[in-house]
Amino acid sequence: MTFSIFKEADGLVSMRRVLAFIFALVSVVAGLIALLSGAVWQVVLVCFGTPLLGTIILLFFTSWSDVAGVVSAVKG
């Protein structure tokens, strides 16, 4: 059995986990580029935060049924 953070329990590669990893890398790179270019703090915050928010969303919801459950809980 090979261990991989990108694989689901059934052994298939999870596109959600791969995309979350890519968004996390983009967050670091975009934030560092903004810092090194001397941008104001608001721009640096957006460069770090926007892809990081995508990462958090992708890792929070594991399937569409979880999304539907959260939406139904919010609606009441």
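Just so we're clear, the structure is a prediction, and the values are computed from it rather than from any experiment.
Note on Val29 and Leu53: separate hydrophobic clusters, where clusters join Ile, Leu, Val, Met, Phe, Trp and Tyr whose side-chain heavy atoms are under 4.5 Å apart, directly or indirectly. In the hydrophobic clustering of this structure, Ile22 groups with Phe6; members are Ile, Leu, Val, Met, Phe, Trp, Tyr whose side-chain heavy atoms approach within less than 4.5 Å, directly or through other members. By the rule that hydrophobic residues join a cluster once side-chain heavy atoms approach within less than 4.5 Å of another member, Val18 and Phe21 end up as members of one cluster.
Residue Arg17 comes nearest to Lys7 through the heavy atom pair NH1-O, 2.7 Å, listed as atom of the first residue, atom of the second, then distance. The minimum heavy-atom distance linking Val46 with Pro51 is given by the pair O-CD, 4.0 Å.
In this structure a side-chain-to-backbone donor-acceptor pair under 3.5 Å is missing from Thr50 to Cys47.
With values rounded to the nearest 0.5 angstrom, Phe23 atom CZ is found 12.0 Å from Ile56 atom CD1. Between Leu52 atom CG and Leu45 atom CG the span is 10.0 Å, to the nearest 0.5 Å.
For the pair Phe48 and Ser27, the minimum side-chain heavy-atom distance is below 4.5 Å.
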